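Please read these numbers as outputs of a predicted model, since none were measured by experiment.
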Amino acid sequence: MSDFSAIDHAHMAAALRLAERGLFTTQPNPRVGCVIAQGEDVIGRGWHMRAGGPHAEVFALAEAEARARGATAYVTLEPCAHHGRTPPCADALIAAGIGRVVVAHEDPFTEVDGRGIERLRAAGIAVETGLMKPLAAELNRGFFSRIGRGRPWVRLKLAMSLDGRTALANGESKWITGEAARADVQRWRARSSVILTGLGTVRADNPRLTVRLSVSAEDEAADRRPVAPLRVVLDSRLRLPASAHVLDGSAPTLLLHARDCAPVDLDFGSAERVGVEMVDDRLDLKAVLGELARREVNEVQVEAGPTLCGALLAEGLVDELLLYIAPVLLGDRANPLLALPLLSDMAGRWNLKTVDQRVLGPDSRWLLRPEEN
């Protein structure tokens with residue numbers, strides 16, 4: 001690995017901050033940032049704003065203009081080398097006369113996968129890789145999951161009382177957490193490609209599963225509003241009530257049902273219906289995630305009850321838990337956080353590691369991941 005300088009680190013950190021600006025808008029593409037510099041002086045900045053639009057390198061080169069010749073480009077993901085909806089960025093860097101390219105992370109996408117780096121080196125450009133690679137991978141964990149594992153990154157969003165309960169025995173759950181925690185959930189929804197739930201949650205809470213997030217005047221003017229996540233409901237026998245908010249047309253909705261489910265005459269509006277296989281009298285969760293991956297879904301946020309969330313965790317399909325804890329007690333008859341198989345000994349427990357922990361008003365938020373991930 002190359003010995004990167006303090007200047008290299010500073011410019012790549014800036015490129016990563018630029019990439020993060022596309023957190024809510026680039027689906028299904030990865031979030032990418034680019035900084036072009038001559039030594040300490042930054043002469044071009046860019047970030048990928050929206051799928052189908054120019055890539056980060058194009059914006060940075062446009063700002064740098066002729067000063068790009070001989071400069072160093074810091075890119076958070078390997079420049080593309082294929083014609084997709086936009087021309088190859090590797091060719092743009094070569095044409096601009098860039099002298100050196102520093103790449104944080106290689107692009108595993110089949111059409112790129114090292115070809116961008118090869119093309120740059122073939123043109124005589126010095127290419128170094130791996131600078132701040134873990135941070136670049138973290139920013140695009142959903143994209144890397146879909147390309148590398150054939151399924152999206154799965155996040156469970158859970159809110160509970162101090163005694164581990166999510167709702168009263170009668171189903172009432174509004175609101176366990178305060179306004180700051182609920183506002184934080186909107187940001188996590190906005191970065192997700194899909195918000196997934198089950199029929200039981202729709203019947204009990206009738207959620208809208210939409211993003212309610214303030215947008216700056218600058219982003220509004222530039223049409224950088226968050227991309228509306230796809231709402232996905234697991235409804236094996238298509239028993240979703242017509243009055244459900246997820247059918248209101250305010251965001252796209254997909255109903256996943258049993259493949260052998262008989263046609264019904266109910267009006268599901270504009271919602272799409274797709275059949276998947278059943279396993280043990282419920283939808284095959286691996287098949288569900290496979291269907292979403294085929295639709296280029298990177299990140300799934302699950303907002304569901306203890307049965308569905310517990311099933312995903314028990315099958316090893318959960319990558320992280322976004323857990324909000326409120327300083328309240330609901331009692332032992334209230335609903336539990338997760339429905340998990342009975343353990344016979346402590347060796348079978350689910351061990352989690354803490355990735356992030358913070359206070360949001362009166363509540364706390366924990367980001368947890370299974371230890372094997």
Side-chain angles (χ1 to χ4, degrees), residues 1-51 53-64 68 71-80 89-90 92-93 98 100-109 112 116-117 120 126-148 153 155 187-188 190-193 216 218-219 222 224 226-227 298-299 319-320 355-356 358 367 369:
M1 183 177 292
S2 299
D3 293 325
F4 295 108
S5 68
I7 292 175
D8 290 334
H9 279 84
H11 289 324
M12 187 60 79
L16 286 165
R17 289 193 295 271
L18 286 167
E20 195 170 6
R21 295 187 65 181
L23 197 63
F24 306 148
T25 60
T26 64
Q27 161 67 25
N29 290 358
R31 298 112 184 184
V32 183
C34 177
V35 166
I36 298 175
Q38 292 275 11
E40 295 184 5
D41 297 330
V42 175
I43 57 177
R45 301 173 183 84
W47 53 283
H48 182 44
M49 299 180 186
R50 189 174 295 276
H55 289 186
E57 298 92 325
V58 174
F59 285 113
L61 287 170
E63 184 177 312
T72 297
Y74 298 86
V75 190
T76 60
L77 191 68
E78 177 183 356
C80 62
C89 291
L93 292 168
I98 288 289
R100 173 179 176 239
V101 176
V102 179
V103 176
H105 202 299
E106 299 83 354
D107 189 339
F109 184 57
V112 185
I117 292 172
L120 293 170
V127 181
E128 298 167 75
T129 64
L131 176 59
M132 306 179 80
K133 184 174 183 175
L135 294 176
E138 182 69 17
L139 185 62
N140 285 305
R141 53 188 180 265
F143 175 76
F144 289 123
S145 175
R146 173 169 64 84
I147 300 300
W153 181 270
R155 175 171 52 251
R187 294 185 61 82
W188 287 92
R191 68 168 290 161
S192 305
S193 316
S216 69
E218 177 188 355
D219 285 344
R224 293 196 294 259
V227 176
N298 293 333
E299 291 187 28
D319 297 300
E320 63 187 9
V355 177
D356 184 63
R358 61 188 63 191
L367 185 64
R369 292 180 185 166

Original post:
In terms of side-chain heavy atoms, does Trp153 have a donor or acceptor partner in Glu320 at a distance below 3.5 Å?
Top reply: yes
**OP:** Please work out which of the three classes, parallel, tilted or perpendicular, describes the rings of His55 and His48, given edges at 30° and 60°.
**Re:** perpendicular
**OP:** Before giving the answer on side-chain contact (heavy atoms from CB on, under 4.5 Å), spell out for Arg155 and Asp319 the whole-Å C-alpha distance, their side-chain angles and the decisive distance to 0.1 Å.
**Re:** CA-CA 6 Å; Arg155 175 171 52 251; Asp319 297 300; over 6 Å; no
**OP:** Rounded to the nearest 0.5 Å, what's the gap from SG on Cys34 to NE2 on His11? Could you check?
**Re:** 11.5 Å
**OP:** For Pro30 and Leu77, work out which heavy atoms get closest and say how close.
**Re:** CG-CD2, 3.5 Å
Original post:
Hey, what do you get for NE2 (His9) to CZ (Phe4), rounding to the nearest 0.5 Å?
Top reply: 7.5 Å
Original post:
Nearest heavy-atom pair of Arg100 and Tyr74: which atoms, and what distance?
Top reply: NH1-OH, 3.6 Å
**OP:** Report yes if the side chains of Val102 and Val75 come closer than 4.5 Å at any heavy-atom pair, otherwise no.
**Re:** no
Subject >> Which atom of Ala71 lies closest to which atom of Ala37, heavy atoms considered >> reply: CB-O, 3.4 Å
Subject >> Main-chain N/O of Arg31 paired to Asn140 side chain as donor or acceptor, under 3.5 Å >> reply: yes
Original post:
Between atom CD1 of Ile43 and atom CD of Glu63, what is the distance when rounded to the nearest 0.5 Å?
Top reply: 9.0 Å
**OP:** Apply side-chain contact (heavy atoms from CB on, under 4.5 Å) to the pair Met49 and Trp47, showing each step before the final yes or no.
**Re:** CA-CA 6 Å; Met49 299 180 186; Trp47 53 283; 3.6 Å; yes
Subject >> Met12 CE to Ile7 CD1 distance, which is reported to the nearest 0.5 Å >> reply: 14.0 Å
Original post:
Side chains of Thr26 and Asn29: is there a donor and an acceptor less than 3.5 Å apart?
Top reply: no
**OP:** In plain terms, say whether Arg17 and Glu20 are close enough for a salt bridge, that is, a side-chain N and a carboxylate O under 4.0 Å apart.
**Re:** no
Subject >> Interatomic spacing from OG in Ser192 to CD in Gln27 - rounded to 0.5 Å >> reply: 9.5 Å
Subject >> Rounded distance (nearest 0.5 Å) linking atom CG of Asp8 with atom OG1 of Thr72 >> reply: 7.0 Å
Original post:
Is there a side-chain contact between Lys133 and Glu106, using heavy atoms and a 4.5 Å cut-off?
Top reply: yes
Subject >> Min side-chain heavy-atom separation Leu139-Phe144 under 4.5 Å >> reply: no
Subject >> Side chains of Ser193 and Glu299, donor plus acceptor under 3.5 Å >> reply: no
Original post:
Shortest non-hydrogen contact from Pro79 to Ala90?
Top reply: CB-N, 4.0 Å
Subject >> Glu78 side chain to Gly116 backbone, donor-acceptor under 3.5 Å >> reply: yes
Original post:
Taking the side chain as C-beta and beyond, is there a heavy-atom pair between Val227 and Arg50 under 4.5 Å?
Top reply: yes
Original post:
Do you see a donor-acceptor pair shorter than 3.5 Å between the side chains of Arg146 and Asn298?
Top reply: yes
Subject >> Nearest heavy-atom neighbours spanning Ile98 and Ala68 >> reply: CD1-O, 3.5 Å
Subject >> Candidate pair Ile36 and Val42, rule side-chain contact (heavy atoms from CB on, under 4.5 Å), full reasoning >> reply: CA-CA 6 Å; Ile36 298 175; Val42 175; over 6 Å; no
Subject >> Distance-minimising heavy-atom pair for Val103 and His105 >> reply: CG1-O, 3.3 Å
